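Report on the following structure.
If you're wondering where the values come from, they're calculated on a predicted model, not measured in any experiment.
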Amino acid sequence: MLIGAHVSPAGGPAKAVERGAEKGCDAIQIFNQNPRAWRPTEYGDAAVEAYRAALKASRVRALLIHAVYLLNPASDEREFRDKTLTSLIASLRAGQALGAVAVVLHPGSAKSGEVRPAIKRAGKVIQAALAESEGCALHLENTAGAGGTLGRSFGELAALLEAAGGDERLGICLDSCHLYASGFDIRSAEGLAEVLDDYAEQVGLDRLGSLHLNDSQGGLGSNRDRHADVGEGELGPKGCGVFLSEPRFEKLPLVLETPGPDKHGPTPEQIAYTRTLRKRGLAARRRRTRR
């Protein structure tokens, strides 16, 4: 498992690699543009070369690009969908240039409207973005379920994949906080296994491409998208260890999007603690197997 964190891209992607390496990350996630602005970033040859050199010299082995939260491919406003499409295409092209594992996208929100037409609108935008880019995968992230967000259930994720044409570049990013907040009890190995069996039946394990490990401030089924530091929320050390040691998650990039003690993201100590929880979870699984 490639464990890491979301890091700041300030100064360019090479600096993001350096920040990730300083934290002890095997994987990093960045925004490729200002999260509060619509202006896409294009990485020139010099920035790409510097990134590749930094990557080669570091322990970082995987990059995820998170599309900014402004995007809503399900919007019922044409102009908003057009802006979303432009930004998403830029993210996918940046991912291709940098050799990213994938761009991670929140599928959007129906807000107060009907879900089925919203899924159809989102699918058209996603399909168009894939048609205008190449190479880089696009992972749809499951959501906590508040405010009409799409992707709160595996059925909705499957419907989004179908609406987007089922392109082979499409995958899924599973977020632990969002799973728990949307009603999936993943605090035990048995509970997580049951949830993943359901996911495999409705979506397919072949679509699972990346992970977010975030503890949850909200309770089970609260629909609150509020991340807590690993081991300090409702999932707790045991629940996080269960997620980290799930056999079907092996070799996937897993990033923390947690606040950290100073609200500037996970610290090196928290990354190290995450690896400790993984070891504990693996040990617990071995003990259960021997019984």
Side-chain angles (χ1 to χ4, degrees), residues 1-35 41-68 90-105 135-139 141 169 171-176 208-214 227 229-230 240 243-246 249-279 281-282:
M1 182 177 284
L2 300 174
I3 295 174
H6 187 100
V7 297
S8 168
K15 295 298 278 186
V17 171
E18 292 176 16
R19 293 185 184 100
E22 289 169 358
K23 292 176 182 284
C25 294
D26 300 321
I28 60 170
Q29 178 179 274
I30 63 171
F31 291 125
N32 72 298
Q33 68 182 67
N34 186 326
T41 300
E42 293 185 10
Y43 297 120
D45 292 343
V48 172
E49 289 177 13
Y51 164 79
R52 290 175 178 167
L55 197 68
K56 187 175 181 180
S58 76
R59 66 179 291 165
V60 177
R61 291 294 171 265
L63 167 70
L64 294 171
I65 292 177
H66 202 306
V68 296
S91 295
L92 287 165
R93 288 177 177 172
Q96 171 66 7
L98 297 174
V101 172
V103 169
V104 177
L105 172 70
C136 186
L138 179 62
H139 293 173
E141 183 176 349
R169 289 162 59 197
I172 299 295
C173 175
L174 287 181
D175 183 298
S176 57
L208 183 57
S210 58
L211 304 164
H212 289 163
L213 177 65
N214 300 302
H227 298 180
D229 287 328
V230 170
C240 289
F243 195 83
L244 287 159
S245 61
E246 164 55 46
F249 291 166
E250 286 299 315
K251 298 184 179 180
L252 295 179
L254 173 146
V255 297
L256 279 62
E257 300 173 312
T258 51
D262 58 0
K263 307 303 180 186
H264 288 98
T267 63
E269 292 77 17
Q270 289 175 322
I271 299 295
Y273 177 57
T274 300
R275 291 197 174 93
T276 297
L277 291 181
R278 171 171 158 78
K279 290 178 182 177
L282 289 170

Is the shortest side-chain heavy-atom distance between [X] and [Y] below 4.5 Å?
X      : Y      : result
Val101 : Leu2   : no
Phe249 : Leu208 : yes
Leu282 : Lys279 : no
His227 : Leu256 : no

Tell me the closest heavy-atom pair linking [X] and [Y], and the distance in Å.
X      : Y      : value
Val60  : Cys25  : CG2-O, 3.5 Å
Arg278 : Leu244 : NH1-O, 2.9 Å
Leu105 : Ala67  : CD1-CB, 3.9 Å
Leu213 : Phe243 : CD1-CD2, 3.7 Å
Gln96  : Cys136 : OE1-N, 3.4 Å

Q.
How about CG on Asp262, more than 12 heavy atoms from neighbouring residues, nucleotides or ligands closer than 6.0 Å, or not?
A. yes
Measure from the side-chain N and O atoms of [X] to the backbone N and O of [Y], and report whether any donor-acceptor pair falls under 3.5 Å.
X      : Y      : result
Thr258 : Asn214 : no
Thr41  : Asn32  : yes
Gln270 : Thr267 : yes

Q: Determine which pairs satisfy ring pair (Phe, Tyr, Trp, His ring centres under 6.0 Å) with at least one residue from residues 256-277, sequence neighbours left out, and list them in order.
A: none
Q. Met1 and side-chain contact (heavy atoms from CB on, under 4.5 Å): which partner among Thr274, Leu252, Leu254?
A. Leu254
Distance-only check: which donor-acceptor pairs under 3.5 Å involve side-chain atoms of residues 4-17, not counting sequence neighbours?
from	atom 1	to	atom 2	distance (Å)
His6	ND1	Gln29	NE2	2.9
Ser8	OG	Ala10	N	3.1
Lys15	NZ	Glu18	OE1	3.4

Q.
Under the salt bridge (charged side-chain N to carboxylate O under 4.0 Å, His left out) definition, can you give me all pairs with a residue in residues 19-31, not counting sequence neighbours?
A.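 As it turns out, the salt bridge (charged side-chain N to carboxylate O under 4.0 Å, His left out) pairs with a partner in residues 19-31, which skip direct neighbours, are Asp26-Arg59, Asp26-Arg275.
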Q. How are the rings of His66 and Phe31 set relative to one another: parallel (under 30°), tilted (30 to 60°) or perpendicular (over 60°)?
A. perpendicular
